[in-house]
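Just so you know, ligand 1 is whichever comes first in the structure, and atom 1 is the first atom listed for that ligand. Treat the numbers as computed from the prediction; the structure is a model and nothing was measured. Only this structure's heavy atoms are used, side chains among them; waters, hydrogens and symmetry mates stay out.
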Amino acid sequence: MSSLQYPSKLPNVKTTIFTTTGNLAREHKAIDLSQGFPNFEADSVLIDLVSKAMKQGHNQYAAMSGYFGLREIIASKIEKLHGRSYDPEKEITVTVGATQAIYTAVTAFVHAGDEVIVLKPCYDCYEPAIEVNGGTVVPIQLRKGDYKVDWEEFKKKITAKTRMVIINTPHNPSGRILSKEDMLQLQEILRPTNIILVSDEVYEHIVFDDAEHQSASRFDDLASRSFVCASFGKTFHVTGWKMGYCAAPAALMHEFRQVHQFAVFCVDHPVQRALAEYLKNSDRYLALNSFYQEKRDFFLNLLKDSRFRFTPSQGTYFQLVDYTAITNEGDENLSKRLIIDHKLASIAISSFNANNRDDKVLRFCFAKKNETLEKAAEILCAL
Ligand code: PMP
Ligand code: GLN
């Protein structure tokens with residue numbers, strides 16, 4: 001036992017729900033629809049490309065901002081999809097997943113006393129990143145159901161201290177997407193300000209029912225102030241590789257790299273080589289919408305005779321379900337009970353809401369083999 005005395009930088013942060021729920025799921029051998037990761041394999045072509053890159057000797061440090069060939073193909077992908085041209089030399093950086101991109105952007109810009117607006121419920125890495133840098137989180141709670149942003153309310157939260165806004169579309173955990181109108185409203189609100197936007201777009205290729213992903217990079221004024229953050233883990237079924245990137249105008253990216261170079265210097269080199277090759281075929285990411293739409297529909301069709309209520313997810317590989325027709329207990333309690341008594345793991349989303357508001361909904365990840373979804377649905381339909 002250490003007798004050292006020191007003040008914690010994050011005294012109120014608990015172990016992430018993904019770790020605690022995942023551990024409980026493993027302990028009870030539950031079917032795991034909690035943490036967001038696929039339980040099927042990635043394309044063997046991609047795996048072979050990594051081993052090829054290793055055998056070809058790409059085993060030493062990559063360039064600090066990422067292997068240039070990968071940055072080039074990322075830039076051309078963004079230009080094709082969203083019509084924005086980023087300079088791969090100065091405006092794209094490859095990161096250790098989107099998590100590091102978000103953390104680094106926050107660290108590079110948020111000073112002690114700055115305010116950062118987040119839309120709740122939100123992914124759990126945003127707030128600790130703000131707080132560890134001395135910033136103040138300004139939460140805006142979205143309403144249960146449609147999780148729409150009230151832009152008038154949003155506007156009122158902006159003060160002289162607002163340094164940054166973090167948005168996420170498609171949105172984890174709600175599965176809602178921001179529309180073009182939402183992005184235009186956000187653009188008008190931010191236009192007269194100096195606010196930096198972090199746009200978390202890790203589910204950019206998982207959008208359903210012919211909707212289009214409205215990247216911040218599509219909108220001139222938003223793009224001029226944004227870090228657009230993405231994750232290869234989500235797109236290519238390799239969450240364990242922790243590979244992501246972000247795009248931002250050169251001046252902003254310069255500040256980002258001031259931090260990035262000393263936090264990680266560079267990320268896994270052979271994987272970057274492999275991804276650069278793999279990305280040459282755009283079907284590999286463009287087919288993801290329909291791939292996951294089928295999974296969503298398969299899962300929801302199995303749940304249609306259950307007592308859960310839901311609005312189909314518009315994007316991401318998550319589905320929220322309202323369980324109030326079954327029980328009135330709190331979501332954390334139900335989530336635990338489902339794991340221990342019924343051997344099925346989900347995520348209770350109260351921990352992502354402002355003041356842990358309990359909307360009595362659970363989140364299920366449908367990035368799973370159909371047989372896993374069938375087994376899970378059988379349990380859920382019996383409740
Ligand atoms: N943002 C959101 C909304 C996420 O769901 C995740 C989950 N992985 C991340 C960021 C982090 O992405 P990565 O695993 O690439 O760090
Ligand atoms: N993004 C994943 C999710 O929402 C989890 C990633 C993590 O465990 N940090 O489930």
Hey, can you tell me if [X] and [Y] have their rings parallel, tilted or perpendicular (30° and 60° cut-offs)?
| X | Y | value |
| --- | --- | --- |
| Tyr123 | Tyr126 | perpendicular |
| Phe318 | Tyr203 | perpendicular |
| His213 | His82 | perpendicular |

- request: Check whether any side-chain heavy atom of Leu142 sits under 4.5 Å from a side-chain heavy atom of Lys120, and report yes or no.
  value: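 Side chain of Leu142 against side chain of Lys120, heavy atoms only: no contact under 4.5 Å found.
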
Handout entry: Sub-4.0 Å atoms of ligand 2 with respect to non-hydrogen atoms of Lys234
Key =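 Going through ligand 2 atom by atom, the ones under 4.0 Å from Lys234 are 1 (N), 2 (C).
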
Under 4.0 Å from a heavy atom of Gln35: which atoms of ligand 2 are those, numbered in the order shown and with their elements?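 Taking each heavy atom of Gln35 in turn, ligand 2 has 5 (C), 7 (C), 8 (O), 10 (O) under 4.0 Å.
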
Is [X] close to ligand 1, meaning an N/O of one under 3.5 Å from an N/O of the other?
| X | result |
| --- | --- |
| Ala98 | yes |
| Gln100 | no |
| Thr239 | no |

Can you name the atoms of ligand 1, numbered from 1 with element, that are less than 4.0 Å from a heavy atom of Ser231?
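Within the 4.0 Å cut-off of Ser231, ligand 1 contributes 13 (P), 15 (O).
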
Counting only heavy atoms closer than 4.0 Å, does ligand 1 sit against the backbone of [X], its side chain, both, or neither?
| X | result |
| --- | --- |
| Lys234 | side chain |
| Asn168 | side chain |
| Lys242 | side chain |

Checklist entry - Is Tyr203 in contact with ligand 1, taking contact as a heavy-atom separation below 4.0 Å? => result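 Heavy atoms of Tyr203 do come under 4.0 Å of ligand 1.
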
- request: Consider ligand 1: state whether an atom of it lies below 4.0 angstrom from any non-hydrogen atom of Asp200.
  value: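 For ligand 1, residue contact (heavy atoms, under 4.0 Å) with Asp200 is present.
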
Phe18-ligand 2 polar pair, N/O distance under 3.5 Å:
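For ligand 2, there is no N or O atom that lies under 3.5 Å from one belonging to Phe18.
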
With only distance considered, is Arg363 within less than 3.5 Å of ligand 2 through an N or O on each side?
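In this structure, Arg363 places an N or O atom under 3.5 Å from an N or O of ligand 2.
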
- What heavy-atom pair brings Lys144 and Asp359 nearest, and what distance separates the two atoms?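 Distance-wise, the nearest heavy atoms are NZ-O, 2.7 Å.
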
Looking only at side chains, do [X] and [Y] share a donor and an acceptor under 3.5 Å apart?
| X | Y | answer |
| --- | --- | --- |
| His171 | Gln314 | no |
| Arg257 | Thr93 | yes |
| Arg71 | Ser65 | yes |
| Asp182 | Ser179 | yes |

Which is it for Phe291 and His237 under the ring pair (Phe, Tyr, Trp, His ring centres under 6.0 Å) test, yes or no, and what are the steps along the way? CA-CA 12 Å; Phe291 174 80; His237 316 308; 5.5 Å; yes

State the CZ-CG distance between Arg163 and Asp114, to the nearest 0.5 angstrom.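 It is 4.0 Å, given to the nearest 0.5 Å.
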
At what distance, to the nearest 0.5 angstrom, does CG of Leu119 lie from CD1 of Ile140?
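Going from the CG atom of Leu119 to the CD1 atom of Ile140 covers 5.5 Å.
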
Protein residue, atom and distance nearest to [atom], heavy-atom basis:
| atom | value |
| --- | --- |
| atom 9 (C) of ligand 1 | Tyr123 CE2, 3.4 Å |
| atom 16 (O) of ligand 1 | Thr99 OG1, 2.5 Å |
| atom 9 (N) of ligand 2 | Tyr123 OH, 2.9 Å |

Mode of [X] contact toward ligand 2 - side chain, backbone, both, neither (heavy atoms, under 4.0 Å):
| X | answer |
| --- | --- |
| Tyr203 | side chain |
| Asn172 | side chain |
| Phe318 | side chain |

